[in-house]
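The structure under discussion appears below in the form of structure tokens.
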Amino acid sequence: MSEMSRQRGRTDAAAVGETLVEVDGLKKYYGGGGVLADPPVKAVDGVSFSIQRGETLGLVGESGCGKTTLGRTLVQLETATEGTVEFDGTDVTELSGQRLKQWRRNAQIVFQDPESSLNDRMTIGEIVREPLDVHEEGTPRERQEKVKDLLAQVGLQPEHYYRYPHQFSGGQRQRIGIARALALEPEFVVLDEPVSALDTSVQAKILNLLEDLQAEFDLTYLFIAHDLSAVRHICDRVAVMYLGKIMEMGETEELYTDPANPYTHSLLSAIPEPDPTVEKDRITLPGTPPSPRDPPTGCQFTTRCPAKIHPPEYDHLDAETWNAIERFREVIRERTRIDLSIRDRVRRSVGAFHRFDDIDETVTDMFGDDTPDEVRGHVEQAAEYVKAGRPDQAREYMGEQFDGVCDTERPELYPVGDTDRLSYCHRHAEEYESVGSVLGRGSDDE
């Protein structure tokens, strides 16, 4: 059976199953509790999706986008700030005490680093047996026998029961972590980048092992990864995450062959092409992701999006000018995060502030002689606000001049095509040109 046929078979099987995990409006913020505290870190910011029983849902995105936090919150290693996580009809965010302990049997996690997630002072048998001891499963003899069976099922030997983690390779340690996660026979397993720390050859073995165990134990997976090729191999559906939000979600093959969201386009364009004779259009995103303490008001991807919707009065500006404007706005955003000392505030009040005097050099570096006068005038005005020690005013001024709908309004998760695929982008609204047309890849099927 071909890889594509096998993928399609898994997807069809999952599609007819019932929903096991239902996530609605999930948020996880850190900090920001006091009056004088900094704004909270919005690690997960209003996420909704479902996972069918027996399905593997992939979760991909850049480092720091909130993937791991989302996975940990689903298994209640983190407490949700807002929203619900329903597991087989039960909202697990409301569970506590003995009820939460009993529910944990149904949901486990395999951690990213197979070395740091294992206790070097415990034998492998003790590590895998620990969940059974906590839940008092059977007699001590029965627990020992079950652990040895589990070790055999993940490709280890019964004699490994008495060895320590440092005596194993990275791939073997990950197998131990998988055995520990399966000890209580859970229905749902979060796989937090389970192969990212392993060699390529070992990765393939672990992925095959996970598929075999899923078929044998009827498991449901959330597979978190940044390796897009691994996700394509093992997942039925994929959710693409950026700065705490789901940007696109759909069936794996469809999403990989015909991405709908500009962020998905950029991620897939970064996949290496093994054939050096094949030309590939790469989308290089400018700048860096904004701080999760200060995400954009509109679409999270607006500061780097190659398909951003600009104000109509500036439609004539070229891409290079817009990139310069966005980079300059990023510089101003960073200036707003700098706390001023009392001395700086006094100097600012008497017009003698000089801490941000280098802003003129930034303007010179970013904007050439061919920059339109209307743009240069607004940039220079914003620079004056910065030099006066008022970067917040400069940020507001640049927003007034250059903000479009992507900067000011959160998009919806629009349905795309004839399937259940969703994409978080204003470009899917009827009044705007499609993502594919803007990126030179034809019109999207909306």
Side-chain angles (χ1 to χ4, degrees), residues 56-59 63 67-78 104-135 137 143-227 230-231 233-235:
T56 300
L57 175 67
L59 185 62
S63 296
K67 305 187 301 295
T68 294
T69 301
L70 174 57
R72 291 173 62 89
T73 306
L74 293 189
V75 296
Q76 298 303 290
L77 291 180
E78 301 282 354
R104 288 193 191 280
R105 301 168 60 94
N106 296 322
Q108 294 292 312
I109 185 170
V110 176
F111 296 97
Q112 177 177 357
D113 187 351
E115 183 173 359
S116 62
S117 63
L118 303 179
N119 190 337
D120 282 336
R121 297 186 178 184
M122 297 173 68
T123 65
I124 299 309
E126 292 171 331
I127 290 173
V128 179
R129 197 185 68 224
E130 189 173 24
L132 299 173
D133 293 338
V134 170
H135 289 271
E137 280 278 313
R143 296 173 202 167
Q144 185 181 51
E145 291 302 317
K146 183 170 184 178
V147 169
K148 290 182 178 180
D149 289 341
L150 279 170
L151 293 179
Q153 287 172 324
V154 298
L156 298 175
Q157 302 299 320
E159 58 265 25
H160 291 159
Y161 185 98
Y162 300 101
R163 296 184 185 177
Y164 289 86
H166 72 271
Q167 296 175 282
F168 295 87
S169 66
Q172 289 174 317
R173 283 196 289 262
Q174 196 60 287
R175 289 172 185 266
I176 295 165
I178 293 170
R180 176 177 58 185
L182 297 181
L184 293 172
E185 300 179 9
E187 297 180 71
F188 177 56
V189 181
V190 172
L191 304 166
D192 184 11
E193 304 207 29
V195 297
S196 63
L198 307 178
D199 294 335
T200 303
S201 60
V202 180
Q203 288 182 7
K205 294 179 181 179
I206 296 297
L207 291 176
N208 290 333
L209 170 64
L210 291 171
E211 287 188 305
D212 292 340
L213 292 172
Q214 183 177 36
E216 182 176 352
F217 294 101
D218 192 24
L219 299 172
T220 302
Y221 289 152
L222 175 68
F223 187 86
I224 300 172
H226 62 263
D227 184 345
V231 170
H233 173 78
I234 197 174
C235 297

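Remember, predicted model here, so these are calculated numbers, not experimental data. FYI, side chains are in, hydrogens and waters are out, and symmetry mates aren't considered; it's all heavy atoms of this structure.
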Scan the side chains in residues 181-192 for donor-acceptor partners under 3.5 Å anywhere in the protein, sequence neighbours excluded, and list what turns up.
| unit_1 | atom_1 | unit_2 | atom_2 | d |
| --- | --- | --- | --- | --- |
| E185 | OE2 | K146 | NZ | 3.2 |
| E187 | OE1 | R53 | NH1 | 2.5 |
| D192 | OD1 | T68 | OG1 | 3.0 |
| D192 | OD2 | T68 | OG1 | 3.3 |

message: Using every non-hydrogen atom in the two residues, find where C235 and L57 come nearest and quote the distance to one decimal.
response: SG-C, 4.2 Å

query: To the nearest 0.5 Å, how far apart are CZ in R72 and NZ in K67?
result: 14.0 Å

query: Within the distance-only criterion (no hydrogens, no angle test), does the side chain of R163 pair as donor or acceptor with the backbone N or O of I124 below 3.5 angstrom?
result: no

message: Let me confirm one number: the OH-OG1 distance from Y161 to T123, rounded to the nearest 0.5 Å.
response: 6.5 Å

- prompt: What closest approach, in Å, do E126 and R121 show between heavy atoms, and which atom pair accounts for it?
  reply: OE1-O, 4.4 Å

field: side chain to side chain contact (heavy atoms under 4.5 Å, CB included) evaluation trace for H233 with F223
entry: CA-CA 11 Å; H233 173 78; F223 187 86; over 6 Å; no

message: Taking the side chain as everything from C-beta on, heavy atoms only, tell me whether Q112 gets closer than 4.5 Å to S196.
response: yes

- prompt: Step by step, would you call R104 with L77 a side chain to side chain contact (heavy atoms under 4.5 Å, CB included)?
  reply: CA-CA 10 Å; R104 288 193 191 280; L77 291 180; 4.2 Å; yes

message: Restricting to non-hydrogen atoms, name the atom on V231 and the atom on G58 that form the minimum distance, rounded to 0.1 Å.
response: CG1-CA, 4.4 Å

query: Can you tell me how far CD of E115 sits from CZ of R173, rounded to the nearest 0.5 angstrom?
result: 4.5 Å

message: Can you tell me how far apart NE2 (H160) and CD (Q172) are? Round to the nearest 0.5 Å.
response: 6.0 Å

- request: Determine, stepwise, if the pair L118 / R180 fulfils side chain to side chain contact (heavy atoms under 4.5 Å, CB included).
  value: CA-CA 10 Å; L118 303 179; R180 176 177 58 185; 3.9 Å; yes

- prompt: Just by modelled atom types, is the G171 backbone N or O under 3.5 Å from a matching donor or acceptor in the Q174 side chain?
  reply: no

field: Test item: Y221 side-chain N/O and L210 main-chain N/O as donor-acceptor pair under 3.5 Å
entry: yes

message: One pair to check against side chain to side chain contact (heavy atoms under 4.5 Å, CB included): I206 and I178. What are the steps and the verdict?
response: CA-CA 10 Å; I206 296 297; I178 293 170; 4.1 Å; yes

- prompt: Do side-chain atoms of R175 reach the backbone of V154 as a donor and acceptor pair under 3.5 angstrom?
  reply: yes

statement: Rounded to the nearest 0.5 Å, the CG atom of D199 sits from the NZ atom of K205 at a distance of 10.5 Å

query: Is Q203 reaching over with its side chain to a backbone N or O of V195, donor-acceptor style, under 3.5 angstrom?
result: yes

- line: In short, I127 meets P165 closest at the heavy-atom pair CD1-CG, 3.8 Å

field: Inter-residue atom distance L209.CG - Q153.CD, 0.5 Å rounding
entry: 10.0 Å

message: Whether the side chain of Q214 engages the backbone of L219 through a donor-acceptor N/O pair (distance < 3.5 Å, no angle test) should be reported.
response: yes

message: Testing the basics here: between P114 and L198, what is the closest heavy-atom pair and its distance to 0.1 Å?
response: CG-CD2, 4.4 Å

